[in-house]
Amino acid sequence: MRLDIVAAALCAGVVCADAASASPSPVELTVEAGRSVAEVQPTMYGLFFEDINFAADGGLYAEKVKNRSFEFPDALAGWHTVGNVEVRTDGAPFDRCPHYVRLSPERHREKLTAIENEGFFGVSVSRGEVYRFSVWARGAEGDDAVRLRVAVADPGADGDTQEVAAAVIAVDTPQWTKYTAELKPSATVRRGVLRLMPEKGCRGTVDVEHVSLMPVDTWHGHENGLRRDIAEKLAAVRPGVFRFPGGCIVEGTELGDRYQWKNTVGPVENRPLNLNRWQYTFADRMYPDYFQSGGLGFYEYFLLAEEIGAEPLPVINAGLVCQYQNRHAEAHADVDSLECYIQDAIDLIEFANGDTCSTWGALRRDMGHAEPFGLKMIAIGNEQWGEEYVERLEQFVKALREVHPEIRIVGSAGPHPDGDKFDYLWPEMKRMGVDLVDEHFYRPAEWFLESGARYDSYDRTGPKVFAGEYACHIAGKKRNHFYPALLEAAFMTGLERNADVVEMATYAPLLAHVEGWQWRPDMIWFDNLESVATASYYVQKLYGENRGTDVVRMYDGAGRAVAGTEGQHGLFASAVADRGAGTIVVKIVNTSAEPADVALNIKGIKRGVRIGEMEVTTLSAPTGAGGEPDLDAENTLENQWCIVPEVSVVALDTPVTSGNGIVEYQMAPYSFAVLKFKNN
Ligand code: AHR
């Protein structure tokens, strides 16, 4: 049976059977479409968010002002001052963010007093957008109202400063009050500044605190909002699970720096600052101004998970500091004094699910969400290992099982997908009866090529697997080029085929600012104005969109799973059925330099159904200068559409019916194809 391309010849991955010489005889692949071998959990493909690479402040969190509450160790970090500016704490409006700034007039009327914020790699604004400026301010008793001017200015490369938006606020009371103004920039500015100054001639003193500038048009319009462009990309993956807030930031190098969710809820003005351990992790990528404002906190994470349709998976500190960074046993919480850590976990469940009469449920309601968030699982610890982890986790498990038997517990298999730590932890996880074990693998190409069958032999009776952090890291490159993404796609066929044991998988890390990254590759890159999806992102998206409901059996001519095994021409494949949509979806990845003819024998077509076409979505590398696929190609902010999925509808010469089901398809070299058939 030959294929005809009926849609426009857009599809880079579809090669007509005579367009290139492929494997001598077609590779026979059989799909038993009517035979479900496992259910695919709705959580199967998801997202893992960590505040690394300026993913939160300066990234997804739409705040443009750095150190908006003057809480950095250097209270004026990120700010430049002119004239009479003083940092104070007396009579502060927010007890957990006690610093504010007093702007007093200079003795000479012609002299200005002002503060100017440099933002995160600049204060960027776009023409056509509206921005909400807000500040908490108070005047001095007995003074006239102070006219406070706020402006976004573009210092310009040649020193020719241009103001692109401005407003004036009259601070007319000695009580702390929130003032707001809308700014509508007349031009787009990439590396601007935000200025705040009493207008010339104002003789009063004004105190300012929590200076904020956010776009009005945030994701879902939330005032304490998220960048719409980035959040939309997250939603488009159709994630089933959303893990947060880390990663290593859960742990802290010292316990005082660990992520404490209770500090990230309640009024945004009163969330205490925390260090971000990615500030200093790599000497060559040190960012002294990298802190966590908590503005994107646990309420916002739960809300985002809900809005993108994903199950929330919060990670809680296990009473351990980062075991990589701090080797001192005494740095961990005393194993006999874990009450407050365990209580944090219990209270978190109350915050997410509790009745609005409960303490934490009431806070959730006060923040705007009376309905429970429907939390179903919680992870204890990130990449922990050793006895010190097990003896702590055991206490969490015991306590949580007693109080919240309905909540599934995720334990960790340590930082690596094999080795001593891994081998020690898995049996312990089984012994303790955790529900899922979080495995991490940042591994080279060879590992991904060899691991297609990793889960085929996993124990089906123990905890399920959560592949919580993974990415293919190519030695010497570590960029988001096409080839590692292709290998991720190949490896994921093995996750899918084993959906009875692998219930969730999330690529990592998720986000990176082009000017502030510490770790790469990453799924989405951004600057202050734009974001770009990588090839790895599209792999995740294709899986997320084509998750299906049931894994169906698929095998080669020798009855083997298609996992890049010898004699399989570098092919990896899996197949699912979507019972609701009535479709069969076959994913095939060709990791070899040769095209591969595939003869797809689809069995189990419903009686009376006649499949006359298939939808083909391919992800492939663009052609390089030498006419070969350019495996090093990548999407960048400057060239965003270099690697994108191409969709076409292909007519089948001979329709597939319950009696006859061979579809011939030629896989282009180095390509990922998703073939979708309507089986109803
Ligand atoms: O994803 C980056 C880091 O990798 C995570 O913080 C950590 O869990 C892992 O080591």
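Since the structure is predicted, the reported quantities are computational estimates derived from the model, not experimental observations. As the structure lists them, so they are numbered: ligands from 1, and atoms in each ligand from 1.
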Residue-level breakdown please: for Trp278 versus ligand 1, do any non-hydrogen atoms fall below 4.0 Å on the side chain, on the backbone, on both, or on neither?
side chain
How far is atom 10 (O) of ligand 1 from its nearest protein heavy atom, and which residue and atom is that?
Glu383 OE1, 2.7 Å
Are Arg243 and Phe48 in a cation-pi setup, meaning NZ or CZ lies under 6.0 angstrom from the ring centre and within 45 degrees of the ring axis?
yes
Does one side chain, of Glu300 or Asn224, offer a donor that lies under 3.5 Å from an acceptor on the other?
yes
Sub-4.0 Å heavy-atom contact, Pro509 with ligand 1:
yes
For ligand 1, which atoms sit closer than 4.0 Å to a heavy atom of Asn382?
7 (C), 8 (O)
Side-chain ion pair, Arg191 and Glu515, N-O less than 4.0 Å:
yes
Which ligand 1 atoms are under 4.0 Å away from a heavy-atom of Trp519?
2 (C), 3 (C), 4 (O)
Check: Glu50 N/O within less than 3.5 Å of ligand 1 N/O
yes
Is Arg190 salt-bridged to Asp527, cutoff N-O under 4.0 Å?
yes
Closest to atom 1 (O) of ligand 1 (judged by heavy-atom distance), picking from Phe48, Tyr442, Tyr470
Tyr442
Need the ligand 1 atom indices (1-based, order shown) with element for anything under 4.0 Å from a heavy-atom of Gly247.
5 (C), 6 (O), 8 (O)
Which residue and atom name correspond to the protein heavy atom nearest atom 7 (C) of ligand 1, and how close is it?
Glu469 OE1, 3.3 Å
One pair to check against ring pair (Phe, Tyr, Trp, His ring centres under 6.0 Å): Phe491 and Trp447. What are the steps and the verdict?
CA-CA 9 Å; Phe491 173 75; Trp447 187 92; 5.4 Å; yes
Quickly, which of Asp57, Asn276, Asn274, Thr264 forms a side chain to side chain donor-acceptor pair (under 3.5 Å) with Ser293? Name it, please.
Asp57
Would you say the side-chain atoms of Arg285 and Tyr287 include a donor-acceptor pair closer than 3.5 Å?
yes
State if Tyr507 counts as touching ligand 1 under the rule of any non-hydrogen atom under 4.0 Å.
no
